[in-house]
Number of protein chains: 2
Amino acid sequence: MENRMVPEERMTAQACSGHLASVEDAIYVIGGKWKLKIIIVLQESGNIRFNELQRKVEGISARVLSNELKDLELNGFVKRVVHAEQTPVVVEYVSTDYSRTLKPVIGALAEWGKTHKIKIKEEMS
Amino acid sequence: MENRMVPEERMTAQACSGHLASVEDAIYVIGGKWKLKIIIVLQESGNIRFNELQRKVEGISARVLSNELKDLELNGFVKRVVHAEQTPVVVEYVSTDYSRTLKPVIGALAEWGKTHKIKIKEEMS
DNA sequence: CAGGATCCCAGAGGATACTG
DNA sequence: CAGTATCCTCTGGGATCCTG
């Protein structure tokens, strides 16, 4: 479990175009094996409950999903909604507006991943 | 994964699962702590030698850099150029055309990382 | 159902030293 | 300079069981 990212001033002599530091920041928050996948599923699903989410993010364990959700909530990508008026209590997860700012990133990654897979397939034939 | 993917708005459920899988593919190849950073430095540097590369990718050890470079070379993102005519032998690394197909991904990530950092800073003040 | 508590492991990655 | 070789740490993450 990470905490919130606290940006430091990285004043490297050759800070390049700044792309490097920004990409680093991005990777710090949404990097890892699961975060983007969870975000995508959440965006596709609207409100969704824990177990269904676990089913849709294939391969993830309850423990890891729980940890990732806490992390994503801390960073404002997902909101945990508890419906206390019902019994048993229903918990739902919803993607936030802020998570939608990741659309370009997800779009670019998906597009690249798609063409990359095609390239790999061609190389194997 | 043969379904058409529209990177923009309104997607079908199938396009979405394709989205998920494609992002997964992308993360598989360019995920991790160092790969994208190395690729960025490589793209910004033209030809570059091992030790200088290590200096520019701050914090990376020689062992890890060596491993990552092998991996990146296998996947066609970097070319290892040996100038055997010189003594001592000079080795240079160059980013490939294929690595340039990552530009949109890097651009999106950098842009998002930049605004995210600004957002975090504002929240702290 | 929605997780928490434990235990455990592989593998990513760091530190240091060494070599052709 | 361009890496290798060791060794070692750390943590992401799997498996399993437990509970309100």
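The chains referred to below are lettered A, B, ... by the order of the sequence lines, with proteins before strands, and numbering in each begins at 1.
- Rounded to whole Å, the distance from CD on B/Glu68 to C1' on D/dA2 is 17 Å.
- At whole-Å resolution of the value, CD1 in A/Ile27 and C1' in C/dA12 are 15 Å apart.
- Using a cutoff of 4.0 Å between basic side-chain nitrogens and carboxylate oxygens, A/Lys79 and A/Glu73 are not scored as salt-bridged.
- Atom CG in B/Asn67 sits about 12 Å away from atom C1' in D/dA5, given to the nearest Å.
- Closest contact between the side chain of B/Trp34 and the listed nucleotides D/dG14, C/dG13, C/dG3 involves C/dG13.
- Note on B/Lys70: every side-chain N or O is 4.0 Å or more away from OP1 and OP2 of D/dA2.
- Spacing between atom CG of B/Leu65 and atom C1' of D/dA5 amounts to 16 Å, rounded to whole angstrom units.
- For the pair A/Asn51 and B/Arg63, nearest-nucleotide mapping onto DNA chain C gives the more 5' position to A/Asn51.
- Within the 4.0 Å cut-off from OP1 or OP2 of C/dG3, at least one side-chain nitrogen or oxygen of A/Arg80 is found.
- For B/Ile60 and C/dG13, the CD1 to P distance is 8 Å, given to the nearest whole Å.
- At least one side-chain nitrogen or oxygen of B/Tyr93 sits closer than 4.0 Å to the OP1 or OP2 atom of D/dG3.
- The shortest distance between the side-chain N/O atoms of A/Lys35 and the OP1/OP2 oxygens of D/dG13 is not below 4.0 Å.
- Atoms CD (A/Glu52) and P (C/dG3) sit 14 Å apart, rounded to a whole Å.
- When the side-chain nitrogen and oxygen atoms of A/Ser66 are compared with OP1 and OP2 of C/dA2, none of them lie within a distance under 4.0 Å.
- Listed nucleotides: C/dA2, D/dG3, D/dG13. Nearest to the side chain of A/Val64: D/dG13.
- With values rounded to the nearest 0.5 angstrom, B/Leu69 atom CG is found 4.5 Å from B/Leu65 atom CG.
- Remark: B/Arg49 is in phosphate contact with D/dA2, judged by side-chain N or O atoms under 4.0 Å from OP1 or OP2.
- Using bins of under 30°, 30° to 60° and over 60° for the plane-to-plane angle, the ring pair B/Tyr98/A/Trp112 lands in the tilted bin.
- Between the CZ atom in B/Phe77 and the CG atom in B/Leu102 there is a gap of 5.0 Å [rounded to 0.5 Å].
- Considering only the side chain of B/Val91, D/dA2 comes nearest among C/dA2, D/dG13, D/dA2.
- Heavy-atom distances to DNA chain D give each of A/Gly59 and B/Phe50 a nearest nucleotide, and the one nearer the 5′ end belongs to B/Phe50.
- Between the CD atom of B/Glu92 and the P atom of D/dC1 there is a distance of 13 Å, rounded to whole Å.
- The separation between A/Gln54 atom CD and D/dG13 atom P is 15 Å, rounded to whole Å.
- No side-chain donor from either of B/Glu111 and A/Ser22 sits under 3.5 Å from a side-chain acceptor of the other.
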